[in-house]
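Everything numeric here is computed off the predicted structure, so don't read it as measured data. Atoms within each ligand, like the ligands themselves, are counted from 1 in listed order. In this chain, residues are counted from 1 in sequence order.
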Amino acid sequence: MATVEELFGINVFNDSVMRQRLPKETYKALHKTIDEGRRLDPEVASVVANAMKDWALERGATHYTHWFQPLNSVTAEKHDAFISPMPGGAIIQEFSGKELVRGEADASSLPNGGLRSTFEARGYTAWDPTSYAFIKDHILCIPTAYCSWGGEALDKKTPLLRSMEALNRQAVRILHLFGRLDATRVTPTVGPEQEYFLVDKDLFDRRSDLIFSGRTLFGAKPPKGQELGDHFFGTIQTRVQAFMADLNEELWKLGVLAKTEHNETAPAQHEMAPIYAVASVACDHNQITMEMMKKVALRHNLVCLLAEKPFEGVNGSGKHNNWSMFTNTGYNLLDPGDSPHESAQFLCFLAAVIKAVDENQDLLRASVASAGNDHRLGGCEAPPAIISIFLGDELTEILEALEAGAAYSGREKTDMTVGVHALPKFPRDTTDRNRTSPFAFTGNKFEFRSLGSSASVSDANVVLNTIVAESLRQFADELETAEDFRKTLHDLIVRTIHDHKRIIFNGNNYSAEWVEEAARRGLLNLPSTVDALPCYTAEKNIRLFETHRVLSETELRSRRDIGLDSYAKMINIEAETMLMMARRQILPAVLKYAGALASSVNAVRAADLSLACGNPLVSSLCAGIDALNDCIGLLSDTLSAKPAAEAPEEAARYMHDKVLPVMAALRAAADRLETVTDREIWPFPTYDELLFSIQ
Ligand code: ADP
Ligand code: MG
């Protein structure tokens, strides 16, 4: 059996393969493109394409694809064989530089939010040489960006790359002010922890709700949920362990640094965390991870659920986006460090993040908005829809002392003047971790915990990179013209703390008091996707994204509309699925049971045992059936009354305000019946089976 070292990256056209297989000059030229964003010479592209093809053929590939990330949060691929006809009926296998660099995808069915009409369906894919090509199922996958004829981004990759550039430009300006002239590039790093559920495929196949929406739309609570806390970090079930081993192997082959695996809080819930990587690569790798989780699960007769809230009553799944910034010289800009010099720089970057989060709560909330995630956020198990920052007591005290111009009376007595005196050392492994915060400082990085488990990490990181770039831009503008750099810096940091400290909250984010307190502080509370997504096109946000050349107004509008449109469509699918299950499965089953119950009661009565049982049973069941039937009628009417051909925002609003509450009522009626109906007659597997059957 191959060792992990032998397996790792075996299906990736990575740097060492390139070094081995490319002529020196080509390798150097390609690196200039990768490292410095230089334009790629067509001749270089031809040589790379040929080397890539030879390598792929040796590894059994037959096709290539431009692998991209359209605006619906999945990945798209269209396969082309390498074959070319030869005289005499033979073929050769070819792959040109042109085919590597650019593809034309007639992808008219992919969402574009009005950026293209179907008669102008041309979209272009352009090779992103910063992310390695890889082989998946005999297909050479070339990571690409996807844009329209007019150059508008139709994907999640392009704005991510642009936002990384924006952050780089501004962060380097700041570093140069600190005299770090060797720092020529700053890159955001991301480590996304991925949560997921596994259910048995035989059970899954019997539930239309799981099949169509990825989450249960019905299901009464089982006697046991997660209350004993016996699943989190518990011994991993044998079948799950076999899945995890297989998953790791597949991910390692694809160069994904799969590192941590464990059982999560809810029964049947698990997590995988990779070692962090450059944001764009982490984003590609997370897409690959989600795909592999689904594929590998099937090999074990399991289904991997990535929906944010597959089950009521137990925790849902999120994706924790650990984020930091590194220089090309290897410094983590969010590492507090030991020396005063580094501390001043650290405080400057920290202040930039605090300001960015406070000023752009709306964008951060919008970046994690989806129908699925709405069920999770604020569910007393995931951060609320209110964005705030957890800094920990020590760092908070330091900032407070700075603002007050007072001596810091923490572990070490230090006069807090930035850049003159040392910051006390931070405990690297902060003991006071707060798992309820949406945006937590965890020693040398921030952890943005509000992302949904099925989302691409792109949206959140596009926002993070851009808003921090904007803070840094304002800082750099002020500092570059300062006569006394140290004093201006000190004042700037103190002013920033003063202006933005309302965003810092170290308490329990799940509590009802926080909702009130946050309102007093004037923090935004955008409970649903319908409240959040329209923020993308607020005046301030258009200006922000255009200033940093990350997204144009048209591109923002398309993203907002696609998000709202998917939201409305998702809820429509769920409502239709509920109607189907309620009418064709639940109602017939319960009627059958009511009939059986009634005749049993009659039989018992005929035998003159009527004292022991009686009509209340039958009548309460009949009342339940009536209630169910009423809800079916109501949901059906509400769906039919959906206004036709409305704007995405109106459609989403209707689904949220009118349809969701009726869905909840229908569910409640059905769940009540489930608890009093013969188990043998209930038409699909119940929560206890779904959550506890995997050993
Ligand atoms: P926990 O569950 O305690 O939050 P994990 O170990 O599961 O921690 O995940 C932490 C994640 O943060 C990992 O993916 C790790 O690689 C990532 N990470 C660590 N340092 C950085 C950093 N500087 N930038 C981005 N991500 C980081
Ligand atoms: Mg975490």
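A salt bridge links Glu165 to Arg185: one of the charged nitrogens lies within less than 4.0 Å of a carboxylate oxygen. Remark: Asp284 engages Lys157 in a salt bridge, criterion side-chain N to carboxylate O under 4.0 Å.
Residue Thr189 places at least one N or O, backbone or side chain, under 3.5 Å from an N or O of ligand 1. Inclusion of Lys445 in the set of residues having an N or O under 3.5 Å from an N or O of ligand 1 is not warranted. The distance criterion of under 3.5 Å between nitrogen or oxygen atoms is met by Asn322 with respect to ligand 1. Of the polar atoms of Pro192, none of the N or O atoms is found under 3.5 Å from an N or O of ligand 1, judged by distance alone.
Ring-plane geometry between Phe326 and Tyr276 is classed as parallel, the angle between the planes falling under 30 degrees on a 0 to 90 degree scale with a further cut at 60. Between Phe346 and Phe441, the ring planes lie tilted relative to each other; the angle falls in the 30° to 60° range.
Between His231 and His262, the gap from one ring centroid to the other reaches at least 6.0 Å.
Contact annotation for Asn332 and ligand 1: only side-chain heavy atoms (C-beta onward) come within less than 4.0 Å of the ligand. Proximity of Glu447 to ligand 1, defined as any heavy-atom pair under 4.0 Å, is confined to the side chain (atoms from C-beta onward).
For His320, the closest heavy-atom approach to ligand 1 does not fall below 4.0 Å.
Atom NZ of Lys295 sits in a crowded spot, with more than 12 heavy atoms from other residues, nucleotides or ligands closer than 6.0 Å. Dense packing is recorded around CZ of Arg502, with more than 12 heavy atoms of other residues, nucleotides or ligands lying under 6.0 Å away.
Interface of Glu271 with ligand 1, defined as ligand atoms under 4.0 Å from a residue heavy atom, comprises 7 (O). For ligand 1, the atoms sitting less than 4.0 Å from at least one non-hydrogen atom of Phe326 are 23 (N), numbered in the order shown with element in parentheses. Every atom of ligand 1 with a heavy atom of Arg435 under 4.0 Å away is listed here by number and element: 3 (O). The Ile275 neighbourhood of ligand 1 comprises atoms 16 (O), with distances under 4.0 Å to a heavy atom of that residue.
Distance check, rounded to the nearest 0.5 Å: CD1 of Ile387 to CZ of Phe505 gives 14.0 Å.
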